[in-house]
Participant: 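Here it is, the structure in full.
Naming: A, B, ... by sequence-line order, numbering from 1 per chain.
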Protein chains: 2
Amino acid sequence: MTDKDPTIDDVARLANTSVATVSRVLNDKGYVSGDARIRVEKAVKELNYQPRVVTRDNVQKNLRHVGILVPDMNNYFYPLELMGIEDELEKKDYSILLCNTYEKVEKEKKYIANLLKKDVDGIILVGSRSTISYNEHIIDLAEKIPVVMTNDYIIGSCVYSVMIDIVNGAYKAVSHLIGLGHRNIAIINGNIEYSTFASKQEGYQHALEDEGIKIQNDYIVSEVPYEAGGFAGMKRLLALEKPPTAVFSASDQIAVGGISAIYQAGLRIPEDISLVGFSNIPLSEHLHPSLTTIDAYPYHTGKLAAETIISVLNHKEQDQRKIILEPRLIERNTCQRITEN
Amino acid sequence: MTDKDPTIDDVARLANTSVATVSRVLNDKGYVSGDARIRVEKAVKELNYQPRVVTRDNVQKNLRHVGILVPDMNNYFYPLELMGIEDELEKKDYSILLCNTYEKVEKEKKYIANLLKKDVDGIILVGSRSTISYNEHIIDLAEKIPVVMTNDYIIGSCVYSVMIDIVNGAYKAVSHLIGLGHRNIAIINGNIEYSTFASKQEGYQHALEDEGIKIQNDYIVSEVPYEAGGFAGMKRLLALEKPPTAVFSASDQIAVGGISAIYQAGLRIPEDISLVGFSNIPLSEHLHPSLTTIDAYPYHTGKLAAETIISVLNHKEQDQRKIILEPRLIERNTCQRITEN
DNA sequence: TTGTAAGCGTTATCAG
DNA sequence: CTGATAACGCTTACAA
């Protein structure tokens, strides 16, 4: 522990000038003679002076901090999104205050109160939210400071959103399966109280309806949206009297569990059963067989969210409150044209 | 955007008292009459006053922020560790400033300088580091503010460390394989310039030596420590004249790629080849077959790192600068007693 | 071009 | 028990 950090006064003293001049040099503002500038720079170097940005921010009320609320790091989508956010924010010198909500509204509220106290400039809410109420505090929040959500939105509020067209993504996944001749197509979904899963279900149903395929309730299973849920869901499907020939998994992690269940049942992929995932996390490419999936651009979503909040903070006009990305199908090796039947 | 946040002055005015009293009420410090307390509390509520903690911190020089440097969110170990860190830090009201270094020393230095400017109270360095130099700036840093590293350490410095006994973990993995009768055991490792991988190699070699098994250089392959590396490494091993009957993967993600390569070659797990991973990320349980691995306690490592920095910050005596956890083998379904030979 | 001094919103000190 | 007032380290009018 060194004695004491040097202050701007120390620099001024050493450079034989005033704090004002030092500040001007440091911030490249106002007039400074070349001579003074050099003396100051030398003093800064000599003392290894680091301005206490906290103080500056106190004066300027410009903190350059944004709070990020992440529901759960176990969902591999979020770390990727976080990378996108961080890369972008870092460029503009914003720091990230990270908070893990575990999808608990109580935790979320507590974190938000904390972030507000810490005077963050804005908040990014990562991930889809439960649709059943609980959004008032977010709407209130958005009236105070800029708020950007990803993978979800609140209609009629001033919350900004970056998301993919999930309904359409699911539609593409299921259409792909239909295009390969499948008719008995199931979905392993998460809880449809979350908008993301509601949308996936919607896309699934639309795709079937558009091809005049009857929707079967026992082909629609809801599980926790992780590997364990995929495993359980697939087992349920395989136990059906007439199991599906193809399954749409609402996330890549669900697909991982599904694959495991299929193998365990002694079946093959894609010969016995075709599979499409959702997200395109890096892992999906490295499974065996590599997973056909819908690219939901996790990194890019984060990047855009960060860009959005930065422009809002800089009072740039936003042409739109909501950015919607078009997902795309990534064909790999878990799907096959149906032969028999 | 509301007009203006109320300040402590506003509260004092409304409560018909002085800022000092308000501050005392807010911080439960010093004597305040019940009457004054009530008036202040009422005013606080009425104005919905939130103290600007940043300012307080500026005065107290007690920021309650700790910076976390994470090498790469693509390594599933780190998000888990981050959860452990965050959960613990949050309890004591510390905020996390998250930084992604991408394992670039330049980025790391820049981030550290930034964090210092922001006056963080301490820094946690997540993940193993390259052993070839580059550590001076960390040592310098640790002389200024508390630094704790995870999964690595710097001898003779004042850096605190939380890590598992990696050598021993690798030893256990390989011993397990030997115990099952395997003699041709390979390792798919990362770059041994990183201490974590160097240690894994060491444990691997020790285990073989202790059983009098000759170390074969072509059974030691080094790849990027992700799925792609595992895939490539396994392909190399399978192409050998005498492929191994068992493989120790230096990470679970390497194992994922390895599994893929094994399947692609038309072989079975564990009948044709046994596999042990390292880390015990949640995913490993859900692979098919579920992966036998070494538990490196990612969440717990993070939690301990946070606890460590908190006690250092509170000037509690640390009995040790280095906490070492004992890894354990988790037997699942990728290993089998060797039959033929 | 420079320096003085007034803020920023708190907390700490010290008379009353 | 209370209230002025100094202090924290920095930025920035404003005067010189």
Participant: Compare side-chain N and O positions of A:Tyr49 against OP1 and OP2 of D:dG9 and report whether any pair is under 4.0 Å apart.
Facilitator: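 No, because none of the side-chain N or O atoms of A:Tyr49 sits under 4.0 Å from OP1 or OP2 of D:dG9.
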
Participant: Do B:Glu81 and B:Asn151 meet the criterion of a side-chain donor-acceptor pair at a distance under 3.5 Å?
Facilitator: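 Side chains of B:Glu81 and B:Asn151: pair found under 3.5 Å.
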
Participant: A:Val32 near the nucleic acid: base, sugar-phosphate alone, or nothing, with a heavy-atom cut-off under 4.0 Å?
Facilitator: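 Result for A:Val32 = sugar-phosphate.
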
Participant: Could you give the CZ-to-P distance, from B:Arg13 to D:dG3, as a whole number of Å?
Facilitator: 14 Å

Participant: Can you check the A:Arg24 CZ to D:dG9 P distance for me, whole Å?
Facilitator: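 For the pair A:Arg24 CZ and D:dG9 P, the rounded distance is 21 Å.
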
Participant: When all nucleic acid strands are considered with a 4.0 Å heavy-atom cut-off, which category describes B:Thr7: base, sugar-phosphate, or nothing?
Facilitator: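 The residue B:Thr7 makes sugar-phosphate contact but no base contact.
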
Participant: Looking at B:Lys29, does any N or O in its side chain come under 4.0 Å of the phosphate oxygens OP1/OP2 on C:dT11?
Facilitator: no

Participant: When the ring planes of B:Tyr76 and A:Tyr76 are compared, do they come out parallel, tilted or perpendicular, using 30° and 60° as the limits?
Facilitator: parallel

Participant: Considering just the side-chain nitrogens and oxygens of B:Ser23, establish if one lies under 4.0 Å of OP1 or OP2 belonging to C:dT11.
Facilitator: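 Yes.
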
Participant: Starting at CG of A:Asp119 and ending at C1' of C:dC8, how long is that distance when rounded to a whole Å?
Facilitator: 12 Å

Participant: Between C:dG9 atom C1' and B:Arg56 atom CZ, what is the distance in whole Å?
Facilitator: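 Rounded to the whole Å, the gap is 12 Å.
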
Participant: Does any donor atom in the side chain of B:Arg39 or B:Asn16 lie under 3.5 Å from an acceptor atom in the other side chain?
Facilitator: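 Side-chain D/A pair, B:Arg39 to B:Asn16: absent.
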
Participant: Among side-chain atoms of A:Tyr194 and A:Glu103, is any donor-acceptor pair under 3.5 angstrom?
Facilitator: yes

Participant: Whole angstrom is fine here: how far is it from CZ in A:Arg52 over to P in C:dT10?
Facilitator: 16 Å

